[in-house]
Amino acid sequence: MVYERIKQQMMDTLPFVRLLGIRIDSIGAGTSEVSLPDDPKLHNHLGTQHAGALFTLAETASGAAMAGGFADMIVDLRPVAKESRIQYQKLAKGATRASGRVPGDLDALKAQLKAEGKIAFPVEVDVFDAQGTLAAQVQVDWYLSPRR
């Protein structure tokens, strides 16, 4: 299936993601589920998940959701994370997971991409800790253009 190929490609080409132990659990049409283990090497001075690790988890989830949304054409595109914003809500205790989603109408975004040759759009991500507490909300703005 195309989502499995995208998942494998991302894991093969993102060494920093592998270094942190991030796992892409699932990719769908504009959605993703990504997880980060509870590892003391990823903790901050409070013994909870480090903000940088949480951000990388969320950015990975955004990229997976973006790629899933454009799965039928992603091999011909050059995706670039253009901007991001993160709002930390609570300390993230234990293993964490991130749910990414492309809001809005994917068909309309694809039509805009076809008409204009490029597109920028947000991907929203919620990060939860092991107890299911919302730890952070993230928005990553992606820019897609033809592969060079």
Side-chain angles (χ1 to χ4, degrees), residues 1-39 41-44 48-114 118-147:
M1 172 172 261
V2 68
Y3 298 130
E4 287 300 316
R5 284 197 313 260
I6 292 170
K7 192 163 82 168
Q8 190 60 52
Q9 178 70 13
M10 288 183 71
M11 293 308 301
D12 289 347
T13 60
L14 300 171
F16 187 62
V17 170
R18 286 194 317 272
L19 177 70
L20 294 183
I22 291 173
R23 186 177 72 231
I24 300 171
D25 299 312
S26 68
I27 297 176
T31 64
S32 69
E33 294 291 329
V34 179
S35 57
L36 177 70
D38 184 22
D39 184 333
K41 292 182 286 192
L42 302 177
H43 289 178
N44 59 25
T48 60
Q49 293 279 19
H50 190 281
L54 292 177
F55 179 81
T56 303
L57 173 70
E59 196 272 343
T60 303
S62 77
M66 173 278 303
F70 291 82
D72 57 334
M73 59 180 74
I74 196 67
V75 296
D76 297 321
L77 297 174
R78 180 176 169 258
V80 176
K82 181 179 173 186
E83 183 177 345
S84 57
R85 290 165 291 292
I86 188 165
Q87 295 179 313
Y88 298 100
Q89 305 292 327
K90 299 277 184 180
L91 294 175
K93 299 174 184 173
T96 51
R97 64 182 173 82
S99 298
R101 69 201 157 280
V102 177
D105 183 348
L106 281 172
D107 289 333
L109 289 173
K110 289 177 183 181
Q112 182 182 353
L113 176 60
K114 184 176 181 180
K118 59 186 176 184
I119 190 171
F121 60 94
V123 176
E124 299 170 350
V125 180
D126 292 327
V127 177
F128 300 93
D129 73 4
Q131 290 75 41
T133 302
L134 180 65
Q137 293 179 297
V138 182
Q139 179 177 310
V140 179
D141 295 340
W142 283 91
Y143 175 78
L144 298 180
S145 61
R147 186 171 297 279

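Everything numeric in this text was worked out from a predicted model, so none of it was measured.
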* **Main-chain N/O of Val75 paired to Arg147 side chain as donor or acceptor, under 3.5 Å** => yes
* Is the backbone N or O of Asp25 less than 3.5 Å from a side-chain atom of Lys7, with the two atoms forming a donor-acceptor pair by type? -> yes
* Does some side-chain heavy atom of Gln139 sit less than 4.5 Å from a side-chain heavy atom of Asp141? -> yes
* If you look at every heavy atom in Ala53 and Leu20, which pair is closest and at what distance? -> CA-CD1, 4.4 Å
* To do: Side-chain contact test, heavy atoms from C-beta onward, threshold under 4.5 Å: evaluate it for Met11 versus Arg18 and give yes or no.
  => yes
* To do: Please report the shortest heavy-atom distance between Pro122 and Pro103, naming the atom on each side.
  => O-CD, 3.3 Å
* **Minimum heavy-atom distance between Ala120 and Lys82, given as atom pair plus value** => CB-NZ, 4.4 Å
* May I ask you to check whether over 12 heavy atoms, not counting those of Lys110, lie within 6.0 Å of atom NZ? => yes
* Asked: OG/Ser35 to CZ/Arg23 distance, rounded to the nearest 0.5 angstrom?
  -> 3.5 Å
* **Exercise: identify the closest heavy-atom pair between Ala64 and Ile24** => CB-CG2, 4.4 Å
* In this structure, are over 12 heavy atoms from other groups packed under 6.0 Å from Gln131 atom CD? -> yes
* **CG on Asp12 to CZ on Arg5, rounded to 0.5 Å** => 13.5 Å
* Structure fact -> In terms of heavy-atom contacts, Pro37 and Leu42 come closest through O-CD1, 4.1 Å
* Structure fact -> Rounded to the nearest 0.5 Å, the CD1 atom of Ile6 sits from the CD atom of Gln9 at a distance of 9.5 Å
* So do Gln49 and Leu36 actually touch side chain to side chain, heavy atoms under 4.5 Å? -> yes
* Run the side-chain contact (heavy atoms from CB on, under 4.5 Å) check on Met66 and Leu144 step by step: do they pass? -> CA-CA 10 Å; Met66 173 278 303; Leu144 298 180; 3.7 Å; yes
* **Any Met73 side-chain heavy atom under 4.5 Å of Leu113 side chain** => yes
* Asked: Could you state the interatomic distance from OH (Tyr143) to CD1 (Ile119), rounded to the nearest 0.5 Å?
  -> 10.5 Å
* Tell me, do Val138 and Glu59 make a side-chain contact under 4.5 Å, heavy atoms counted? -> no
* **Thr133 side chain vs Asp129 backbone, donor-acceptor pair below 3.5 Å** => no
* **Ser99 side chain to Asp126 backbone, donor-acceptor under 3.5 Å** => no
* Is there side-chain contact between Pro79 and Phe70, with heavy atoms separated by less than 4.5 Å? -> no
* Please walk me through it: do Glu33 and Arg97 pass side-chain contact (heavy atoms from CB on, under 4.5 Å)? -> CA-CA 7 Å; Glu33 294 291 329; Arg97 64 182 173 82; 4.3 Å; yes
* Does any non-hydrogen side-chain atom of Val34 lie less than 4.5 Å from one of Leu57? -> yes
* Only pairs at least two apart or in different chains count here, so list each ring-ring contact (aromatic ring centres under 6.0 Å, His included) that has a residue in residues 84-110. => none
* Asked: To the nearest 0.5 Å, how far apart are CZ in Phe55 and OG in Ser62?
  -> 7.5 Å
* Minimum heavy-atom distance between Asp38 and Ala95, given as atom pair plus value -> CB-N, 3.4 Å
